[in-house]
**Student:** 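Have a look at this one.
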2 protein chains.
Amino acid sequence: MRHRTSRDIRTANRYEVLRQIIAQSPTSRQELAAATGLSLATVATLVGELLDLRMITEVGFEDSAGGRPRGLVAVNASGGALIGVDIAETYVRVELFDLGLNVLARADEDMRPGESRPEQVVGHVAAAVGSVVTQAGVEGARVLGVGVSVPGQVDRDTGVAEYAPNWDWHDVPLLDMLAEHIAYPLYLDNPLRACAVAEQWFGAARGRGDAVVVNLGTGVGAGLVLGGGLHRGVSNSAGEWGHTTLVLDGRLCHCGNHGCVETYVGAPGIMLNLRELSPKSTLLHPEDQTATIDALARGVAERDPVALKVVRDTARYLGAGIADLVNLFNPQVIVLSSWVAAALGEPLLTEVREAVARHALRRPFAATEIVLSPIPTDPVCLGAATFALEGALSSIGGQRPTRRTARSRD
Amino acid sequence: MRHRTSRDIRTANRYEVLRQIIAQSPTSRQELAAATGLSLATVATLVGELLDLRMITEVGFEDSAGGRPRGLVAVNASGGALIGVDIAETYVRVELFDLGLNVLARADEDMRPGESRPEQVVGHVAAAVGSVVTQAGVEGARVLGVGVSVPGQVDRDTGVAEYAPNWDWHDVPLLDMLAEHIAYPLYLDNPLRACAVAEQWFGAARGRGDAVVVNLGTGVGAGLVLGGGLHRGVSNSAGEWGHTTLVLDGRLCHCGNHGCVETYVGAPGIMLNLRELSPKSTLLHPEDQTATIDALARGVAERDPVALKVVRDTARYLGAGIADLVNLFNPQVIVLSSWVAAALGEPLLTEVREAVARHALRRPFAATEIVLSPIPTDPVCLGAATFALEGALSSIGGQRPTRRTARSRD
DNA sequence: AGGGGTTAGGAAAGGGGGTTTACAAAGTCC
DNA sequence: GGACTTTGTAAACCCCCTTTCCTAACCCCT
């Protein structure tokens with residue numbers, strides 16, 4: 001249990017100020033102070049730091065009520081680039097962002113079922129990272145860092161993928177291997193936490209002390225934002241909500257247990273819900289999760305009774321599971337994220353809200369918002385890039401206090 | 001989302017030092033520095049503060065390896081008194097502690113089923129508090145504070161019991177009402193968090209950053225110690241684990257939901273497990289939870305097959321539920337607390353460990369210890385008193401720096 | 001008995017951090 | 001052009017922790 005130091009306070013405040021600037025660009029120091037609750041002096045110092053780092057720039061002035069005009073600052077989009085890497089079971093996706101977190105370039109690499117050796121995956125990642133840097137035409141020096149998300153349990157400090165169930169990896173020194181191909185600072189974590197941090201910085205969890213980001217994809221999990229920070233647990237594997245028991249002695253899960261949430265609301269689980277209801281439905285595309293979920297979404301839009309029923313059943317399971325999260329964590333907001341949530345959208349959300357209302361305790365439920373993720377792009381890449389951003393912001397504390405040298409503002 | 005300030009660091013360190021002193025009295029500054037990871041200078045300042053407050057005293061010297069002997073400090077048991085109040089459905093229990101957290105006096109007041117009005121409860125509390133102060137013969141001035149635990153949802157800042165399901169209280173200004181009868185500083189919270197804080201200070205969660213305290217009584221809940229602090233949630237109702245769904249469409253719970261954990265592993269749930277297995281068992285004492293649980297415990301000790309089976313069944317439910325906690329929180333330790341856990345003891349623990357092993361993910365499970373609470377007395381009273389202790393320690397930050405006046409050591 | 005070695009603990013200096021206060025800068029209004 | 005307003009920086013201050021220096025207190029050895 002490491003001690004909290006005053007430096008942590010500084011880092012947290014730096015995060016908060018930059019978050020706020022990214023969220024609302026351009027903005028004034030006054031507004032930042034009001035939004036963050038910090039004093040004007042502190043905001044001014046932090047803004048000065050960020051200006052020195054060229055992460056933001058002064059962009060003009062705003063009339064004040066009869067006095068000196070407010071100076072405005074905005075993200076300096078071209079002040080650097082961040083790269084997010086989403087390693088999944090069947091593909092590697094890499095996105096390059098500017099500092100406004102806009103996607104400048106993207107590269108996808110498909111991985112064949114056989115390609116599961118770490119060396120092969122590392123090769124794909126290196127190729128894709130090289131590709132986005134070339135595409136975006138940024139000089140390498142401007143890349144502030146590369147965040148890598150890999151499913152499973154990782155040690156973010158040593159950069160080791162301790163356990164990745166997809167490929168049966170054990171203690172793969174992924175970051176060291178990548179470092180041989182990639183010269184930028186590297187950061188490792190898993191998709192659950194990537195999505196959580198993306199919501200915390202840019203999504204529905206912004207400014208919320210306690211939030212749970214529910215990830216609905218092929219697998220299912222929850223990213224926990226508690227007390228303003230990511231909760232990681234003692235071995236960095238907190239948030240394994242997908243293997244929570246929802247139905248005692250229920251469906252068999254690949255984890256060996258029965259009745260896991262994932263077997264009912266993960267994409268394969270939803271397919272099973274559909275198959276059990278209507279084995280011959282045309283909505284069902286065996287062997288293709290994405291197609292099936294998309295077909296369901298279209299079906300719901302067209303008021304197809306089978307699709308409606310499947311979504312309702314799924315929402316019922318999901319609602320019971322989310323109600324548990326509401327009761328346990330009493331968060332301000334629960335965010336539904338990842339591709340299944342994005343595909344099924346509002347209809348799912350509505351049903352889920354009703355189901356949660358039935359299962360959760362009244363008062364905690366009343367305190368909790370349930371929303372869809374407002375993030376339009378791949379949240380895993382964005383979150384991974386955010387790890388790189390956080391890394392860049394933390395490391396500046398380490399070096400000397402960056403004495404501001406005569407910064408002219410004309 | 002309030003900001004963290006440098007004062008919070010000080011308070012946390014103060015807690016840690018005093019915790020350590022209470023745990024191991026007498027002790028030296030050197031040992032404290034090693035145990036807390038703080039510098040010697042900081043430890044010395046904090047120890048000085050506590051000496052000034054008369055919470056600890058210098059008690060002698062210890063030989064060092066050939067140099068100046070180490071000064072030893074110990075809790076000054078008679079330096080003050082703390083009172084913990086445990087308000088439950090059918091009784092009010094009040095205990096008075098010295099600063100070593102030893103029980104000096106105890107008072108129990110039974111409440112008849114009809115007596116549910118706040119005024120009546122307040123009357124009982126006031127009477128019992130008066131009683132323990134008289135019994136212990138301490139001067140009133142030495143009482144540092146009174147911690148009150150009431151089941152349900154409370155607002156600890158305003159001292160309002162927002163919702164107490166036992167008596168259908170809504171927004172009762174409990175602390176204001178008590179303040180008319182009790183002149184000491186008052187602190188309000190609920191039994192879940194009281195047990196958690198008791199474990200954090202004096203029990204199995206000491207020194208652990210992440211711990212879950214599972215409360216097994218008539219009701220069931222979990223106190224969450226995350227990142228070294230209590231997690232309260234946005235409306236101070238985090239930890240309502242008892243109403244987590246364990247069996248979809250299972251037993252009806254008084255909360256209106258089906259299949260809640262509480263209906264299987266709360267005392268009434270265990271009685272139902274017994275009744276379903278063997279309706280005419282002599283172990284069953286209808287209308288008397290305590291007697292039934294005690295009978296079960298004796299039955300297990302005597303290898304009664306029915307008792308063994310009931311405990312095994314209960315442990316199976318409990319294990320599935322606790323496995324969810326292991327997966328979600330990835331804590332260092334899970335503590336089983338409250339009277340049902342104490343009564344069923346080791347046999348329950350053994351079965352629970354096996355059941356959790358079957359349900360939880362392998363790696364998080366390997367990182368988590370599961371233990372019985374080592375606290376021998378009523379953990380709720382102890383925890384409530386601890387709230388008063390924490391209050392006394394926090395408030396000293398507010399006043400002036402207590403300039404140390406010539407403290408002679410002869 | 002008196003010095004040298006060793007360890008404990010206090011006092012002062014130093015480096016972070018945040019806030020308050022004072023003041024210069026840059027406008028508006030009369 | 002002067003008075004008023006508002007912004008933003010600089011300086012002073014308080015809090016916190018650590019490092020460094022020095023004295024206190026004890027041991028051992030001569």
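The basis for the numbers below is simple: all heavy atoms, side chains too, and nothing from hydrogens, waters or symmetry mates. First the proteins, then the strands, lettered A, B, ... as listed; each starts at 1.
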**Student:** Can you measure B/Arg10 atom CZ to C/dG17 atom C1' for me and round it to whole angstrom units?
**Tutor:**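 Answer to the nearest Å: 15 Å.
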**Student:** May I ask you to decide if the ring planes of B/Phe329 and A/His231 are parallel, tilted or perpendicular, using 30° and 60° as cut-offs?
**Tutor:**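 B/Phe329 vs A/His231 ring planes: perpendicular.
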**Student:** Give a yes or no on this: more than 12 heavy atoms of other residues, nucleotides or ligands lie within 6.0 Å of atom CZ of B/Arg232.
**Tutor:**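 Above 12, so yes.
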**Student:** I'd like to know whether CZ of A/Arg4 has more than 12 heavy-atom contacts from other residues, nucleotides or ligands below 6.0 angstrom.
**Tutor:**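 At most 12 heavy atoms, drawn from other residues, nucleotides or ligands, come within 6.0 Å of this atom.
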**Student:** Please tell me which of the listed nucleotides, C/dG17, C/dG10, D/dC15, lies nearest to the side chain of B/Arg7?
**Tutor:**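 Minimum distance to the B/Arg7 side chain belongs to D/dC15.
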**Student:** What nucleotide among C/dG18, C/dT7, D/dC16 has an atom nearest to a side-chain atom of A/Ile9?
**Tutor:**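 Of C/dG18, C/dT7, D/dC16, C/dG18 is nearest to the side chain of A/Ile9.
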**Student:** Without decimals, in angstroms, what is the distance between A/Glu62 CD and C/dG27 P?
**Tutor:**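 Roughly 14 Å, once rounded to whole Å.
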**Student:** Would you kindly give the CG-to-C1' distance between A/Leu40 and D/dA10, to the nearest whole Å?
**Tutor:**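 It works out to 13 Å between those atoms.
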**Student:** Quickly work out the B/Glu49 CD to D/dC16 C1' distance and round it to whole Å.
**Tutor:**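 Roughly 11 Å, once rounded to whole Å.
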**Student:** Measure CG/A/Leu32 against P/D/dT9 and give the value in whole Å, please.
**Tutor:**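 For the pair A/Leu32 CG and D/dT9 P, the rounded distance is 13 Å.
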**Student:** Looking only at side-chain atoms of B/Thr42, point me to the closest of C/dG16, D/dT18, D/dA24.
**Tutor:**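 Of the options given, the side chain of B/Thr42 lies nearest D/dT18.
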**Student:** Quick one: on DNA chain D, does A/Ala65 or A/Arg4 contact a more 5' nucleotide (nearest heavy atom)?
**Tutor:**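 Counting from the 5' end, the first nearest nucleotide belongs to A/Ala65.
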**Student:** Out of C/dG16, C/dT19, C/dA26, which nucleotide sits closest to the side chain of A/Ser39?
**Tutor:**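 Among C/dG16, C/dT19, C/dA26, the one nearest the side chain of A/Ser39 is C/dT19.
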**Student:** Looking at A/Arg29, I'd like to know whether one of its side-chain N or O atoms comes within less than 4.0 Å of OP1 or OP2 on D/dT7.
**Tutor:**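 Answer no for this pair, as no side-chain N or O of A/Arg29 is under 4.0 Å from OP1 or OP2.
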**Student:** Could you give the CG-to-C1' distance, from A/Asp63 to C/dT28, as a whole number of Å?
**Tutor:**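 It is 10 Å, rounded to the nearest whole Å.
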**Student:** Which is more 5' along DNA chain C, the nucleotide nearest B/Gly67 or the one nearest A/Gly67? Just name the residue.
**Tutor:**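 First, find each residue's nearest nucleotide; the 5'-ward one identifies B/Gly67.
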**Student:** Closest-nucleotide mapping onto DNA chain C: is B/Ser64 or A/Asn13 further toward the 5' terminus? I mean the 5' end.
**Tutor:**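 Residue closer to the 5' terminus by nearest nucleotide: B/Ser64.
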**Student:** Whether A/Gln30 contacts D/dT7 is assessed here as follows: a side-chain N or O lying under 4.0 Å from the phosphate OP1 or OP2. Is that the case?
**Tutor:**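 For D/dT7, OP1 or OP2 has a side-chain N or O of A/Gln30 closer than 4.0 Å.
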**Student:** Strictly below 4.0 Å: does B/Arg70 bring a side-chain N or O up to OP1 or OP2 of D/dA25?
**Tutor:**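 No, B/Arg70 has no side-chain N/O under 4.0 Å of OP1/OP2 on D/dA25.
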**Student:** Go through C/dG18, C/dA11, C/dT7 for me and flag the one nearest to the B/Ala41 side chain.
**Tutor:**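 The nucleotide sitting nearest to the side chain is C/dA11.
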**Student:** Quick one: which of C/dG10, D/dA25, D/dT18 gets closest to the side chain of B/Ala44?
**Tutor:**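 So the side chain of B/Ala44 is nearest to C/dG10.
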**Student:** Can you name the nearest heavy-atom pair linking B/Phe387 to B/Ala194, along with the distance?
**Tutor:**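 Answer, listing the atom of B/Phe387 first, then B/Ala194: CE1-CA, 3.6 Å.
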**Student:** Whole angstroms only, please: what is the CG-C1' distance between B/Leu38 and D/dC16?
**Tutor:**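 Rounding to the nearest Å, CG of B/Leu38 and C1' of D/dC16 are 11 Å apart.
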**Student:** Please determine whether a side-chain nitrogen of the Lys or Arg among B/Arg206 and B/Glu16 lies less than 4.0 Å from a carboxylate oxygen of the Asp or Glu.
**Tutor:**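 No, no charged N to carboxylate O under 4.0 Å.
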**Student:** Report the distance from atom CG of A/Leu51 to atom P of D/dG8, rounded to the nearest whole Å.
**Tutor:**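 Taking atom P of D/dG8 as the reference, CG of A/Leu51 is at 12 Å.
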**Student:** Please evaluate residues B/Thr42 and B/Ser39 with respect to the criterion side-chain hydrogen bond (donor to acceptor under 3.5 Å, both in side chains), reporting the C-alpha separation (whole Å), side-chain torsions for both, the decisive distance (0.1 Å), and the verdict.
**Tutor:** CA-CA 5 Å; B/Thr42 302; B/Ser39 75; 3.1 Å; yes
**Student:** What's the closest nucleotide to the side chain of B/Arg68 if the choices are D/dG8, C/dT19, C/dA8?
**Tutor:**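 Per side-chain heavy atoms of B/Arg68, the pick is C/dA8.
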